[in-house]
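Step one of this worksheet: look at the structure below.
All heavy atoms count here, side chains included; hydrogens, waters and symmetry mates do not. In what follows, chains are A, B, ... by sequence order, proteins preceding strands, each numbered from 1.
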2 protein chains.
Amino acid sequence: MTDETFTASARPPASVDEFRDRLAAVTTDLPRRLRQCADYIAAHSDRIAVSTVAELAAGADVPPSALMRFCQIMGFSGFSEMQKLFREAYAPGWPDYSTRLKNLKQGGAGSPTALLAEFVEAGRLSLESLAKTVDEVALAEAVRLLSAAGTVHVVGFRRAFPVASYLAYVFEKMSVPAMLHDGVGKLDHRFALRPGDAVLAITFAPYSEETLTLAQDARDRGLAVVGLTDRVTSPLARSAAATITVPEVDFGAFRSLSATIALALSLAVAVGSARE
Amino acid sequence: MTDETFTASARPPASVDEFRDRLAAVTTDLPRRLRQCADYIAAHSDRIAVSTVAELAAGADVPPSALMRFCQIMGFSGFSEMQKLFREAYAPGWPDYSTRLKNLKQGGAGSPTALLAEFVEAGRLSLESLAKTVDEVALAEAVRLLSAAGTVHVVGFRRAFPVASYLAYVFEKMSVPAMLHDGVGKLDHRFALRPGDAVLAITFAPYSEETLTLAQDARDRGLAVVGLTDRVTSPLARSAAATITVPEVDFGAFRSLSATIALALSLAVAVGSARE
DNA sequence: ACGATTTTGGAACAAATATTCCATAGCACG
DNA sequence: CGTGCTATGGAATATTTGTTCCAAAATCGT
């Protein structure tokens with residue numbers, strides 16, 4: 001009678017991070033109903049703050065009492081204590097950010113501030129989406145290929161050009177031999193591609209012909225090609241040894257590039273570190 | 001006895017937007033305590049979903065019953081109904097976004113995914129900060145100046161260059177006469193600046209000499225100069241008729257540019273619309 | 001297949017929370 | 001200086017919500 005069935009640790013989690021750790025630690029070897037609770041909670045932890053026991057239990061398809069037991073196994077005295085943690089943890093991010101956005105939009109459609117609000121929002125969504133969907137394996141592979149290369153050739157035109165130029169800048173700062181193919185003077189510097197070099201190609205729909213051609217050309221010559229594009233079905237994927245897709249949210253005809261730049265920066269800095 | 005004191009409209013707000021509209025409409029001519037409620041709720045609407053009547057009332061420094069009356073004036077049957085609206089609309093930035101970030105960082109410092117997590121976070125913070133601190137007056141003024149100009153000359157080097165090049169791209173797409181000063185061939189196209197033109201200069205610390213010089217030169221000749229920079233004390237502010245500052249969060253030696261690009265886009269699209 | 005042990009569901013209970021109501025305080029107007 | 005009206009605070013009440021507990025079912029080991 002004195003020992004608890006499951007290690008209901010003495011102290012409850014003090015933060016959402018601790019909560020997640022304990023959830024992960026405890027979630028194996030748990031009876032069926034309790035495991036249902038754990039799974040549902042893991043997938044919907046954001047709703048703890050705004051739901052009742054009954055609602056969550058219904059969602060997890062268990063009786064309320066099972067959920068209560070689950071709370072206790074997690075180390076809380078009960079559901080209320082657990083909910084308190086999530087209600088208080090909810091403060092960061094937007095103390096009044098969303099209010100502010102609303103205000104900005106009130107300038108009226110087309111006003112500079114309303115546009116700004118839209119682009120800020122698009123950027124934020126893109127970044128969140130990137131964090132959720134990025135292909136870690138492809139990213140690691142891209143870093144590997146570029147780190148092993150002689151010179152990195154960066155190519156991107158039109159809306160991809162700002163990204164390409166920033167990459168070139170960062171590579172230079174990190175002393176990585178890099179060359180920006182910018183099409184100035186209608187020269188393609190195709191013959192600058194030498195064995196052992198790598199190409200980092202960036203293009204979004206509608207894909208620019210020059211970029212695709214250069215990527216294919218490099219591949220035919222046996223160079224490593226890394227593609228940065230918007231869809232896995234992009235024609236760039238055919239030429240690339242590693243393809244990374246960036247889910248960028250557009251507003252109107254233009255994209256914020258936030259996610260693309262974040263990804264490009266990570267890539268460049270990782271390559272720069274790896275080459276030292 | 002039949003008429004309500006304040007127009008407690010028959011139907012409650014069906015969305016947060018409607019809620020805000022009604023709040024704005026009703027907030028004037030309201031007795032003292034109720035106005036306290038309105039003010040507090042307006043400033044903390046994000047906490048409605050996760051608080052009790054008592055907590056909110058304490059925050060607004062009114063008795064709970066006053067808050068109840070406020071809910072009814074807003075058209076709800078009571079607090080619970082109002083809270084329901086906010087609980088359903090509650091979709092915080094972390095459906096599992098923060099979990100994901102945590103996982104990405106677990107790759108270890110310096111790993112590509114950890115870097116990505118940092119840059120994503122920096123970008124998000126920058127965007128939020130931009131929304132909160134942008135100077136609406138300066139932005140409107142900048143739009144006015146650029147809309148009235150003949151040709152818009154965009155100048156920005158080094159890390160500002162990606163932004164400048166994107167601006168040039170967007171201006172072109174929107175049929176705004178624009179010229180990108182990119183320093184190719186060591187030419188400065190100073191003599192392309194003609195009376196009636198405007199300069200959009202972008203530079204961050206350490207401020208690039210060429211940009212500052214060009215901006216000052218333009219000003220001396222009586223052209224309108226719009227500055228996009230990082231601090232109000234930036235040397236660029238001396239030459240500019242309108243200065244917009246962008247609070248960009250750096251990670252390591254590099255900046256995400258998210259906020260800068262969002263701002264630049266808004267500016268360009270607003271100018272493009274205004275000129276039609 | 002039997003008994004010991006764990007798990008489960010739901011009903012009873014306790015606590016928290018929302019809501020109503022009314023006596024009183026404040027205010028404007030005659 | 002009343003008089004009638006509105007606003008206010010708090011106590012009483014109703015409702016919802018959380019929590020406990022125990023009998024029954026399932027599971028496991030022998």
Side-chain angles (χ1 to χ4, degrees), chain A residues 1-8 12 19 26-41 44-45 47-88, chain B residues 1-8 12 26-41 44-45 47-88 90:
Chain A
M1 209 54 114
T2 57
D3 64 328
E4 258 83 59
T5 314
F6 294 98
T7 45
F19 176 88
V26 96
T27 206
T28 43
D29 53 41
L30 217 54
R32 195 172 115 264
R33 281 284 113 111
L34 290 179
R35 166 166 275 261
Q36 271 177 260
C37 293
D39 290 347
Y40 184 81
I41 290 294
H44 301 87
S45 55
R47 295 223 61 88
I48 296 174
V50 294
S51 302
T52 65
V53 174
E55 285 165 359
L56 289 175
D61 196 31
V62 299
S65 48
L67 229 168
M68 289 303 304
R69 250 171 266 135
F70 170 79
C71 295
Q72 284 160 0
I73 286 172
M74 288 294 291
F76 298 99
S77 69
F79 175 75
S80 298
E81 197 177 279
M82 181 168 109
Q83 187 175 56
K84 193 159 153 251
L85 173 66
F86 281 85
R87 286 188 168 178
E88 281 164 4
Chain B
M1 210 51 119
T2 56
D3 65 328
E4 257 83 58
T5 314
F6 294 98
T7 45
V26 97
T27 206
T28 44
D29 53 43
L30 219 53
R32 194 171 116 265
R33 280 285 113 109
L34 291 179
R35 165 166 276 260
Q36 270 177 260
C37 294
D39 289 348
Y40 183 81
I41 290 295
H44 300 88
S45 55
R47 293 219 63 87
I48 296 174
V50 294
S51 304
T52 64
V53 174
E55 285 166 359
L56 290 175
D61 197 32
V62 300
S65 47
L67 230 169
M68 289 303 302
R69 249 171 267 134
F70 170 79
C71 295
Q72 285 160 359
I73 286 172
M74 288 294 291
F76 298 99
S77 68
F79 176 75
S80 297
E81 195 178 280
M82 180 168 109
Q83 188 176 53
K84 192 159 154 251
L85 174 67
F86 281 86
R87 286 191 167 176
E88 280 163 6
Y90 172 87

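For A:Asp61 and C:dG10, the CG to P distance is 11 Å, given to the nearest whole Å. One atom, CD of A:Glu81, and another, C1' of D:dG18, lie 13 Å apart when rounded to the nearest Å. Rounded to an integer number of Å, the gap from B:Phe79 CZ to C:dA16 P is 18 Å. The CG-C1' distance, from A:Leu67 to D:dT17, rounds to 13 Å in whole Å. Here the C1' atom of nucleotide D:dG18 and the CZ atom of A:Arg87 are 12 Å apart, to the nearest Å. As a whole-Å value, the separation of B:Lys84 NZ from D:dT16 P is 13 Å. Here the P atom of nucleotide D:dT20 and the CD1 atom of A:Ile73 are 14 Å apart, to the nearest Å. The distance between atom CZ of B:Phe70 and atom C1' of C:dA18, rounded to the nearest whole Å, is 17 Å.
Within 4.0 Å (heavy atoms only), B:Ser65 reaches at least one base atom of the nucleic acid. Across all strands shown, B:Arg32 has heavy atoms under 4.0 Å from sugar-phosphate atoms exclusively, and none from any base.
Between the side chains of B:Gln72 and B:Arg69, no donor N or O sits under 3.5 Å from an acceptor N or O.
Summarising the geometry of A:Glu55 relative to A:Val50, their closest heavy-atom pair is OE1-O, 4.1 Å, with the distance given to 0.1 Å.
Considering only side-chain N and O atoms, B:Arg69 lies nowhere under 4.0 angstrom from the phosphate OP1 or OP2 of D:dA7.
When the nucleotides C:dT8, D:dA7, C:dT19 are ranked by their closest atom to the side chain of B:Met68, C:dT19 comes out on top. When distances run from any side-chain atom of A:Leu34 to the nucleotides D:dG18, C:dG9, C:dT8, the shortest one goes to C:dT8. With C:dA18, C:dT8, D:dG18 as the candidates, the nucleotide lying closest to the side chain of A:Pro31 is C:dT8. The side chain of A:Gln72 has D:dT20 as its nearest neighbour among C:dG9, C:dA18, D:dT20.
Within the 3.5 Å criterion, the main-chain N or O of B:Arg87 finds a donor-acceptor partner in the side chain of A:Arg47. Between the side chain of B:Gln83 and the backbone N or O of B:Ser51, at least one donor-acceptor pair lies under 3.5 Å.
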A:Phe79 and A:Leu56: CA distance, side-chain angles, deciding distance, side chain to side chain contact (heavy atoms under 4.5 Å, CB included) verdict | CA-CA 11 Å; A:Phe79 175 75; A:Leu56 289 175; 3.6 Å; yes
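Classified by interplanar angle (parallel below 30°, tilted 30° to 60°, perpendicular above 60°), the ring pair A:Phe19/A:Phe76 is tilted.
The SG atom of A:Cys37 sits 11.0 Å away from atom CZ of A:Arg32, with the distance rounded to the nearest 0.5 Å.
Direction change of the helix axis from one end of the helix from C:dA1-D:dT30 to C:dG30-D:dC1 to the other is 30°, with five pairs defining each end axis (rounded to 10°).
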